[in-house]
Each structure stands twice: as structure tokens, then as C-alpha cells.
Peer 1: 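Before we start, here is the structure in question, set down as C-alpha cells.
Numbered from 1 within each chain, the chains take letters A, B, ... in sequence-line order. Just the heavy atoms: all of them, side chains too, but no hydrogens, waters or symmetry mates, feed the values below.
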Amino acid sequence: MACWLFKSEPDTYGIDDLARDRIEPWTGIRNYQVRNMIRDDMNLGDEIIFYHSSCKEPGAAGMARISGIARPDPLQFDPASAYYDGKSSKDDPRWLAVDIEFVRKFDRIVTLVELKQHPGLADFKLNRRGNRLSIFPVSSGQRDIILMLERA
DNA sequence: GCCAACGTTGGC
DNA sequence: GCCAACGTTGGC
């Protein structure tokens, strides 16, 4: 089973929001690389590391799973939405969304500082300069290290 | 608020 | 198809 890291700004939507809502449509993805991963590589039940970005304490905040696979992102057709895309058509939707389901909140934030310090995460995409993808794959080894750090 | 990185856009 | 300008991301 694959594992993914999803970034989210906790001021907008954090792990506590997901814990409350249980299932959330992950809309608003407007990057082709990410769209292609959603379309081609994401499967039902895939694990998600839910990551808090652009906040006081950036880091991994909990786990979720894919509970609904790729479907057209409704916001691309909504002129009132900031994610509206007039060049997309219903016959051939440009943007896709998945549904994610809450699994658990970590006992504590596994901070970006810790993730950067661990030698086993040297190749972790989050730790690479210039990484700006809001979703990317996590290897099983990387996933295990993050879960181990949570208990450290 | 700054800045590096990099994706996107659009003129040619 | 090149590339400069611009916008966005996200850590610090």
C-alpha cells in the first residue's frame, strides 16, 4: 500500500478539523504533477501523513487515508470559487480531487526540524530545497521513520 | 516580511 | 519552442 504526504495549512484546515469532519474532499489542487499522481497512482486505502505547513510549528501532525479516489474537482466549475478554471470543461475536467479520511492525530507534532535531522530522511522530498508540491509519495522506510520519531 | 525555488504564462 | 516576467509556496 502506498503512502503520501499531504500538506495543509493548519490555520486553514488542520488535523483537528479533519478529526472533526472525519472525511474531507481534498479540492483545490492546481498543479499538474500533483494531479497526475492523484489520477494515476492513488488508490483506495492508501496511507496519508498529514503535514502542517506555513505555521508556527511545521511538521507531521497525524495520519489519514484515501477514502475516495480521483474525481473531478467541483470547484473548477464554480465561478465564485478562487479555484475556478474557465478553461476546464465538464467533458474533459482538468482538475481532480480525492477524499481523505481521518485516522489519528499524532501524540505530538513531529517537527520539520526533526525530519531534517534524521539521516534516514536525507532523500525525503520535504527536505529537498525548492520542493513545493503539496502532495508527494513517501516510501515505506520514510513512513516508518516518521512513526518512530513520533514515539521518540 | 524576505527570499529562494520553481511552475506557469504569453510574446515572439 | 525559447525565455523573461510573474505568481506562488513555504521556511525562516
Peer 1: Check every atom of C/dG11, C/dT8, B/dT8 against the side chain of A/Y32 and return the nucleotide holding the closest atom.
Peer 2: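 Between C/dG11, C/dT8, B/dT8, the one nearest the side chain of A/Y32 would be B/dT8.
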Peer 1: Check the phosphate of C/dT9 against A/Y51, side-chain N and O only, distance under 4.0 Å to OP1 or OP2. Yes or no?
Peer 2: no
Peer 1: Which one of A/M63, A/R65, A/R20, A/R22 satisfies the side chain to side chain contact (heavy atoms under 4.5 Å, CB included) criterion with A/F102?
Peer 2: A/R22
Peer 1: Could you check A/I66 against A/E101 for side-chain contact (heavy atoms from CB on, under 4.5 Å), going step by step and ending with a plain yes or no?
Peer 2: CA-CA 6 Å; A/I66 302 289; A/E101 181 180 12; over 6 Å; no
Peer 1: Between C1' on C/dG10 and CG on A/N127, what's the gap in Å once rounded to a whole number?
Peer 2: 14 Å
Peer 1: Specify the separation, in whole Å, of atom CZ of A/R30 and atom C1' of B/dT9.
Peer 2: 17 Å
Peer 1: Please state whether the rings of A/W26 and A/Y13 are parallel, tilted or perpendicular, taking 30° and 60° as the class boundaries.
Peer 2: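 Ring orientation of A/W26 relative to A/Y13: perpendicular.
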Peer 1: What is the distance from CZ of A/R132 to P of C/dG11, rounded to the nearest Å?
Peer 2: 12 Å
Peer 1: Can you tell which of C/dG10, B/dT8, B/dG7 lies closest to the side chain of A/Q33?
Peer 2: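 For A/Q33, the side-chain atoms sit closest to B/dG7.
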Peer 1: Nearest whole Å is fine: how far is C/dG11 C1' from A/E114 CD?
Peer 2: 16 Å
Peer 1: Just how far, in rounded Å, is C1' of C/dG10 from CD of A/E57?
Peer 2: 16 Å
Peer 1: A/K116 has a side chain; which of C/dC12, B/dA5, B/dG10 sits nearest to it?
Peer 2: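 The listed nucleotide nearest to A/K116's side chain is C/dC12.
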Peer 1: Between A/K7 and C/dT9, does any side-chain N or O lie under 4.0 Å from OP1 or OP2?
Peer 2: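 Negative; the distance criterion is not met.
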Peer 1: When you get a sec, tell me which of B/dG10, C/dG11, B/dA5 is the closest nucleotide to the side chain of A/K87?
Peer 2: B/dG10
Peer 1: Please lay out, stage by stage, how A/F77 and A/S88 fare under the test side-chain contact (heavy atoms from CB on, under 4.5 Å).
Peer 2: CA-CA 8 Å; A/F77 305 123; A/S88 184; 4.0 Å; yes
Peer 1: Output yes when a side-chain donor or acceptor of A/D17 lies under 3.5 Å from a complementary backbone atom of A/G14, and no otherwise.
Peer 2: yes
Peer 1: Using whole Å, report how far CG of A/N31 lies from C1' of B/dT8.
Peer 2: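 Distance check: A/N31 CG to B/dT8 C1' gives 10 Å.
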Peer 1: For A/F136 and C/dT9, give me the distance from atom CZ to atom P, rounded to whole Å.
Peer 2: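 Going from CZ in A/F136 over to P in C/dT9 covers 16 Å.
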Peer 1: Let me know the distance between NE2 of A/H52 and C1' of C/dT9, rounded to the nearest Å.
Peer 2: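 Nearest whole value for this atom pair: 17 Å.
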